[in-house]
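Basis for what follows: all heavy atoms, side chains included, without hydrogens, waters or symmetry-related copies.
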Amino acid sequence: MPRPSPASPLLSLPGAVPAEAPDEGVAAHYGDLFREQRALADGSGFVDLSHRGVITVTGPERLSWLHLLLTQHVSDLPPGQATEALILSAHGHIEHALSLVDDGETTWMHTEPGNQEALIAYLESMKFFYRAEVADRTDEFAVVHLPAGSIAEVPEKVVVRETAHGRDLFLPRTDLESFAADHGPAIGVLALEALRVEAHRPRLGLETDHRTIPHELGWIGTAVHLQKGCYRGQETVARVHNLGKPPRRLVFLHLDGSEVQLPPHGTPVRLASDGEEGRQLGFLTTSARHHELGPIALALVKRNVPVDAPLLAGTTAAAQEVVVEP
């Protein structure tokens, strides 16, 4: 079993409600989900992501070595430039997703909760004679997310990974409570998840299963570089990109707002015209309640599902928007 990250001390803040899998160890919300979403969308507050795994790679050959293993071009990654990357199986299926940045001396990355041990085991198995050292830093550092537009000051010497969606801080875990006191309000992961779904951004373990390839989720270009050298799974990536289409595609769903419960991860998706007993054409990956859009979701469906067809997620009516072109 994967070793869980330490439970966040911020679960003791007023109103904190613990999150469920896969986000155990941090708060789902602090008492007002929509207020927290609006604050995040406006660039206020921070999200405690201290349950995520933190890994560092040091050594003079760290980037050239990682370049051989990852789907992303990182051999010449400038200090401070954020990127994301995948590790694929030999058949091109997604096994790991990494959010990383290099500070000029160390490559910092964070990954899904509890996934760090398997990732480190793979990296260690591929070291050979390269001068690179891999370390699990999860017990020492907590990931904290500042939303896009935030004017919060970052503590001195804290490594920052900045993207269009906000800044991820690799904060010393011992500083988490003092950071929260100075940079509130604290915002739960459900608010961040709702904005992630709105932005059509996939997440490992939710939008993926054992046979997902990057093309199905729109990860080509953002996490997969098509002009770099060889890496495990590259043949599948190149073949699908040049000669074919992925078997499935990610879609964004507007769910029927009259339903009390959101359909959970894994809910079968069918054509509405076929009814609840119709043939399953995919599955719902993440659902959320959005402060403006209402209930929304992402789903992975067969490529040939008509883009304008009304769908059913379980018993919930759903209208789809294209994320990945069929």
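Nearest heavy atoms, L255 versus A297: CD1-CB, 3.9 Å.
Using a 4.5 Å heavy-atom threshold, the side chains of L10 and L176 count as touching. Looking at heavy atoms from C-beta onward, W219 lies in side-chain contact with T208 at the 4.5 angstrom threshold. Using a 4.5 Å cut-off on side-chain heavy atoms (C-beta onward), R279 and R270 make no contact. Put simply, the side chain of V159 does not reach to within 4.5 Å of the side chain of L169, judged on heavy atoms. At least one side-chain heavy atom of R161 sits under 4.5 Å from a side-chain heavy atom of S99. Side-chain contact between V251 and V322: absent, with no pair of heavy atoms (C-beta onward) separated by less than 4.5 Å.
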inquiry  = What verdict does the side chain to side chain donor-acceptor pair (under 3.5 Å) test give for T138 and R173, after you've listed the backbone C-alpha separation in whole Å, the side-chain angles of each residue and the deciding distance to 0.1 Å?
reply    = CA-CA 9 Å; T138 308; R173 194 170 284 274; over 6 Å; no
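Note on R303 versus E325: no salt bridge recorded, every NZ/NE/NH1/NH2 to OD/OE distance being 4.0 Å or above. A salt bridge between R203 and D23 is present, with a side-chain N of the basic residue lying under 4.0 Å from a carboxylate O of the acidic one. By the 4.0 Å N-to-carboxylate-O rule, R62 lies too far from E133 to be salt-bridged with it.
How far CD1 of I120 is from NE2 of H96: 10.5 Å, rounded to the nearest 0.5 Å. The distance from atom CG of L190 to atom CZ of R196, rounded to the nearest 0.5 Å, is 11.5 Å. In this structure, D168 CG and H110 NE2 are separated by 3.5 Å, a value rounded to the nearest 0.5 Å. We find the CG-CG distance between L311 and L253 to be 6.0 Å, quoted to the nearest 0.5 Å.
Under the 30°/60° scheme for interplanar angles, the aromatic rings of W108 and F170 are found to be tilted. Ring geometry for F252 against H254 counts as perpendicular: the plane angle is over 60°, on a 0 to 90° scale with 30° as the lower cut. Between F283 and H265, the ring-plane angle classifies as perpendicular under the 30° and 60° cut-offs.
Residue V54 is grouped with residue V189 when hydrophobic side chains (ILVMFWY) are merged at heavy-atom distances under 4.5 angstrom, including chains of intermediate members.
Checking side-chain atoms of Q72 against main-chain N and O of T222 turns up a donor-acceptor pair under 3.5 Å. Between the side chain of D42 and the backbone N or O of S44, no donor-acceptor pair lies under 3.5 Å. Panel note: side chain S75, backbone L63; no donor-acceptor pair is recorded below 3.5 Å. Under a 3.5 Å cut-off, the side chain of Q320 and the backbone N or O of P306 do form a donor-acceptor pair.
Counting non-hydrogen atoms of neighbouring residues, nucleotides and ligands closer than 6.0 angstrom, the CD atom of E61 exceeds 12 such neighbours. The local environment of CD in E140 is crowded, with over 12 non-hydrogen atoms from other residues, nucleotides or ligands closer than 6.0 Å. The environment of K228 atom NZ is dense: over 12 non-hydrogen atoms of other residues, nucleotides or ligands sit within 6.0 angstrom. Environment of CG in L243: crowded, with over 12 heavy atoms of neighbouring residues, nucleotides or ligands closer than 6.0 Å. Applying the 6.0 Å contact sphere to CD of E20 captures no more than 12 heavy atoms from other residues, nucleotides or ligands.
A side-chain contact (heavy atoms from CB on, under 4.5 Å) with T56 is found for exactly one of L100, V134, T106, namely T106.
Two rings, from H93 and H210, have their centers 6.0 Å or more apart.
Looking at residues two or more places apart in sequence or on another chain, you find a salt bridge (charged side-chain N to carboxylate O under 4.0 Å, His left out) between E216 and R248.
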